[in-house]
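Chain A is the first sequence line, chain B the second, and so forth, proteins listed ahead of strands; every chain is numbered from 1. What you are looking at is a predicted structure, and each value in this text was computed from that prediction instead of being measured.
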Protein chains: 2
Amino acid sequence: MTEPEPFIRYIQRTVELTEEELTEFTAAFKLKKLKKKQFIIQPDFIAQYRSYVVEGALRSYVIGQDGVDHTINFAIEDWWVSDLNSYLYQKPATMFVVAIEDSTVLQIEYENEQRLKQANHKFETFFRIAAERTAAFHQRRIISALTRTAEERYNDFLLVYPSVAQRLPQYAIASYLGMTTEFLSKIRNHKVRKKN
Amino acid sequence: MTEPEPFIRYIQRTVELTEEELTEFTAAFKLKKLKKKQFIIQPDFIAQYRSYVVEGALRSYVIGQDGVDHTINFAIEDWWVSDLNSYLYQKPATMFVVAIEDSTVLQIEYENEQRLKQANHKFETFFRIAAERTAAFHQRRIISALTRTAEERYNDFLLVYPSVAQRLPQYAIASYLGMTTEFLSKIRNHKVRKKN
DNA sequence: AAATTCGGTTGAACTACTTCAACTCTTTTC
DNA sequence: GAAAAGAGTTGAAGTAGTTCAACCGAATTT
């Protein structure tokens with residue numbers, strides 16, 4: 001790795017490592033440049049990597065029976081992305097993960113992650129915290145999906161991820177929030193007629 | 001703890017511990033009996049415990065602006081339950097967690113969990129795996145919510161959790177799956193009229 | 001054991017959101 | 001640089017799922 005600063009800061013915000021440990025840890029990651037529209041995960045293939053976004057934006061999605069595309073997550077700078085169920089359990093993916101801008105990511109391979117976790121208690125702690133954050137994040141999203149209307153979900157999203165909202169195409173935001181692009185367009189332009 | 005067998009087996013399925021470690025680990029848990037309708041977590045209070053269900057069934061839910069009750073999760077034997085965002089970050093809960101049958105749980109206090117994780121790499125691994133399972137589980141639920149109709153979600157649920165489906169009241173299942181009790185009732189009795 | 005509450009059912013009316021189709025503007029491709 | 005594809009907008013019609021209200025039986029309370 002050529003050690004991008006933000007990644008090092010991300011690690012240091014999570015666990016306290018010595019210089020040596022930091023070197024060992026970051027050595028397990030490989031820098032990869034992605035062109036817009038390039039895929040890093042596809043259904044039926046096993047997700048080999050977990051990727052930290054250094055620069056750019058990626059989107060993960062599934063295609064339902066009906067052929068409609070549903071955004072499961074996206075990731076911009078300082079976020080992680082993978083197909084969790086594929087990566088963690090090394091079974092075939094159900095998701096696509098694609099770059100929606102030219103991007104740079106740091107990737108760790110499954111086997112290398114296992115090795116790191118075994119080698120050092122602190123590295124294990126790092127991945128434990130990462131998993132907890134993901135679980136807690138998903139929990140909040142589930143609550144939002146169950147309790148809020150389309151318009152509320154969009155407004156919440158703008159408040160929580162203003163920078164993301166500006167960078168992503170609207171169809172990605174709409175399908176992430178569980179609505180059609182058309183409906184999101186109407187919400188944004190106050191074209192939603194209410195019975196109240 | 002009085003060491004219920006299923007809990008020990010759960011631990012051994014997750015990490016390999018020596019007799020001594022197992023004793024140290026289980027000592028951090030306290031057995032608690034719950035009467036039906038007893039709450040263990042309530043909004044505005046900090047979730048102090050993570051609870052493993054030895055026997056019985058619990059339900060976690062939030063109440064939306066509209067006053068409607070939404071099931072976030074439930075837990076039967078061999079599952080865990082808590083308000084993750086409250087417990088992990090020790091901030092006020094947004095959820096209720098209540099026993100829907102007389103139940104027995106094993107509870108670990110936040111501070112004790114922290115102590116265990118620091119004390120032994122394997123204990124850290126245990127909680128890392130637990131967090132990963134939760135994250136992966138939530139991911140699957142999000143995909144289901146985004147890609148499937150109410151009826152499909154119910155059928156999927158029956159397939160994946162047949163035992164849970166038999167034990168839980170229907171209003172809990174309905175609100176877990178993101179629909180009303182009335183609609184689930186119609187699905188179950190094939191009273192849903194389709195335009196196809 | 002009567003009264004109340006709780007969980008579930010049913011039908012009719014309603015609505016939040018989708019679908020479809022047509023159009024515009026921007027970006028990409030050859 | 002013309003043509004095609006991609007992203008977003010708008011309106012009209014349609015539908016999956018909600019709401020409301022009335023009812024039933026079983027469990028819980030008094």
Original post:
Reading nucleotides 18-30 of chain C from the 5' end, what letters show protein touch, with B for base, S for backbone sugar-phosphate only, - for no heavy atom under 4.0 Å?
Top reply: BBB-------S--
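A salt bridge links A:D78 with A:R13: at least one charged nitrogen is closer than 4.0 Å to a carboxylate oxygen. Taking the charged nitrogens against the carboxylate oxygens, A:R59 and A:D69 do have a contact shorter than 4.0 Å, which makes a salt bridge. Between B:D83 and B:R50 there is no salt bridge, since no side-chain N of the basic residue sits under 4.0 Å from a carboxylate O of the acidic one.
The distance between atom CG of A:L177 and atom P of C:dA16, rounded to the nearest whole Å, is 18 Å. Atoms CD1 (A:I100) and C1' (D:dG6) sit 14 Å apart, rounded to a whole Å. Across the protein-nucleic acid pair, B:E151 atom CD and D:dA16 atom P stand 10 Å apart, rounded to whole Å. Following rounding to the nearest Å, B:R188 (CZ) and C:dG7 (P) show an atom-to-atom distance of 15 Å. What separates CD1 of B:I173 from P of C:dT9 is a distance of 11 Å, to the nearest Å. The nearest whole Å value for the distance from the CD1 atom in B:I187 to the P atom in D:dT15 is 18 Å. Distance, A:R148 CZ to C:dC17 P: 12 Å, rounded to whole Å. In this entry the distance linking CZ of A:R59 with C1' of D:dA7 reads 12 Å, nearest Å.
Summarising the local packing, CZ of B:F45 is surrounded by 12 or fewer heavy atoms from other residues, nucleotides or ligands at distances under 6.0 Å. The environment of CD in B:Q90 is crowded: more than 12 heavy-atom neighbours from other residues, nucleotides or ligands sit within 6.0 Å.
The stretch residues 154-170 of chain B touches DNA chain C through B:P169, B:Q170, each having a heavy atom under 4.0 angstrom from the strand.
Counting heavy atoms from C-beta on, the side chains of B:T149 and B:E152 come closer than 4.5 Å.
For residues 120-135 of chain A, every residue pair satisfying the salt bridge (charged side-chain N to carboxylate O under 4.0 Å, His left out) rule, not counting sequence neighbours, is listed here: A:E21-A:K122, A:E124-B:R128, A:R128-A:E132, A:R128-B:E124, A:E132-B:K117.
Ring geometry for A:Y10 against A:F126 counts as perpendicular: the plane angle is over 60°, on a 0 to 90° scale with 30° as the lower cut.
Using modelled atom types, one finds a donor on one side chain and an acceptor on the other under 3.5 Å when comparing B:Y87 with B:E113.
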